[in-house]
Student: 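Dumping the structure here so I can ask a few things about it.
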There are 2 protein chains.
Amino acid sequence: MPDMHSRSVQDYLKALYKLQHNDTPVSTSELAARLHVAPASATAMIKKLADAGLVEHVPYQGSRLTESGRREAVNMVRRHRIIEQFLQEVLHYRWDEVDEEAEVLEHAVSDKMVDRMWEVLGRPSHDPHGSPIPDADGHVPHQPGTPLSEWPDNTPATIVRLVERSPEELRYFAQQGIRPGEAVQIVQRAPFDGPITIRTASGETSLSPELAQAIHVQ
Amino acid sequence: MPDMHSRSVQDYLKALYKLQHNDTPVSTSELAARLHVAPASATAMIKKLADAGLVEHVPYQGSRLTESGRREAVNMVRRHRIIEQFLQEVLHYRWDEVDEEAEVLEHAVSDKMVDRMWEVLGRPSHDPHGSPIPDADGHVPHQPGTPLSEWPDNTPATIVRLVERSPEELRYFAQQGIRPGEAVQIVQRAPFDGPITIRTASGETSLSPELAQAIHVQ
DNA sequence: ATCATTTTTTAGCCTTGCCTAAATTATAAT
DNA sequence: ATTATAATTTAGGCAAGGCTAAAAAATGAT
Ligand SMILES: [Mn+2]
Ligand SMILES: [Mn+2]
Ligand SMILES: [Mn+2]
Ligand SMILES: [Mn+2]
């Protein structure tokens, strides 16, 4: 299984994997938006991925990863998270800085180097954002936790994970004292899917439900 | 100083820097050979580098780096050597394994990451092959040492550096017990630039003068 | 059922960096 | 001083991975 796919191919596979939460196919425009690419560019790439047997594509309907595509996507997620953990633990990066660097390095480091990092770290099971590190054989550990947007009001909770999104959002979380391990509580919830106000150790903040979805608690 | 040059550009600059030992311009074919590309490809790239003000090129004569080109080349050498040292010290690579990984990573890691690696290593001055690590401001420390090919016969010496070449050659050196810090001595020298026989702690070997030039002693 | 809007695909173009084959220039040998 | 050889450049192509503009299909609203 020669994983010698290009950086672009690897990023497309990872994006498809993350967008395919339910099991409905991923739309071309979602994918394009995620990767900051024109829809036409995504269409062209999807065709190549389909030819390579990495996705199944029904024109005008959407795309889903094949088993082989999923395997490579999960492997990229594994690499990404191990690198993030390494950057934090060994090179003293902050958890809101690791993603940017890992986004590049995940395509550059060898399998050997990923293994060494994992060993040096003591075989970690989670990355700095609380996301689980998949096994080398493609198994993704189940992650307990509920999106904060679905948590009952005025009920104490602990942040277990911040689902990866943009670096800006992560920096905003960091700034607001929102980080894995921290205690939170929903103080107020505006009607009609309005902003959710939460209290953490460092004060109160209002978040859009969209954003509150990225905070997983328990 | 936006160093956002492509991987290819960076590798061409580094190659030019290493080939330009004396001060005669570097020939296009030398450069092409070093980078395993066709001469025509090197010509095309040289033209782009010249347009970007990184080299001066006289058609049919050769190329030499401008000051700005030299600066970027030296910076790439710095990155390469810091990464090599990091791979050896932190990830337990052997010194004959580090080059291959560093050749890729040097283009992928951020300046921040290079700085962190250098700090975590305790600001090292040399890489695993005994080559000096240039300063961040482009100054290259002078390296004492003489090519073994020019060392007097039957005179004990210590290896201070193995000048970087192919991974295969480095692995051969490792296998023959030739490594920085080791004692060597020329036992015999065949006439007409013939093979040089040397003795190390682990036995005797014959090397071409070409290869013996890569071993710097003192 | 028809029309308007949105989504997706197609068509055509661009840049980077490589290639081979053919010209051109420099160098070496008569 | 030619002439042969070697080095270098030019010409013409190719694959990846982007882009915009135009066509086509799906979706939603009268
Ligand atoms: Mn990436
Ligand atoms: Mn993460
Ligand atoms: Mn390189
Ligand atoms: Mn080295």
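The structure displayed is predicted, hence computed values, not measured ones.
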Student: Report yes or no: does B:Ser206 contribute a side-chain atom to a donor-acceptor pair with the main-chain N or O of B:Thr197 at less than 3.5 Å?
Tutor: no
Student: Quick one: does any side-chain atom of A:Asp127 pair with a main-chain N or O of A:Gly130 as donor and acceptor, under 3.5 Å?
Tutor: yes
Student: For A:Trp118, does the six-membered ring have the charged nitrogen or CZ of A:Arg81 within the cation-pi criterion, i.e. under 6.0 angstrom from the centroid and within 45° of the normal?
Tutor: no
Student: Between A:Asp51 (CG) and D:dA16 (C1'), how many Å, whole number?
Tutor: 14 Å
Student: A:Leu49 CG to D:dG17 C1': how many Å, rounded?
Tutor: 12 Å
Student: Can you tell whether the side chains of B:Glu106 and B:Arg78 come within less than 4.0 Å, N to carboxylate O?
Tutor: no
Student: Polar atoms only, N or O, under 3.5 Å: list the protein pairs with nucleotides 14-17 of chain C and their distances.
Tutor:
{"from": "C:dG17", "atom 1": "OP1", "to": "B:Ser6", "atom 2": "OG", "distance (Å)": "2.3"}
{"from": "C:dG17", "atom 1": "OP2", "to": "B:Lys48", "atom 2": "NZ", "distance (Å)": "2.9"}

Student: Could A:Glu119 and A:Arg123 be called an ion pair, given the rule that one side-chain N must be under 4.0 Å from one carboxylate O?
Tutor: yes
Student: Please check if the side chain of A:Arg79 supplies one atom and the backbone of A:Val109 the other of a donor-acceptor pair under 3.5 Å.
Tutor: yes
Student: One thing to verify: whether A:Glu97 and B:Lys112 come together as a salt bridge, which I'm taking to mean a side-chain N less than 4.0 angstrom from a carboxylate O.
Tutor: yes
Student: Treat primed atoms plus P, OP1 and OP2 as sugar-phosphate and everything else as base, then score nucleotides 5-15 of chain D 5' to 3': B for base contact with protein heavy atoms under 4.0 Å, S for sugar-phosphate contact only, - for none.
Tutor: ---BBB-----
Student: Nearest 0.5 Å, what's the CD-CH2 distance between A:Glu84 and A:Trp95?
Tutor: 11.0 Å
Student: If you take any heavy atom closer than 4.0 Å to DNA chain D, which residues from residues 18-25 of chain A end up in contact?
Tutor: none
Student: Going by an N to O cut-off under 4.0 Å, is there a salt bridge joining A:Glu30 and A:Arg34?
Tutor: no
Student: Using a 6.0 Å distance limit plus a 45 degree cone around the ring axis, check whether B:Arg70 lies over the aromatic ring of B:Tyr17.
Tutor: no
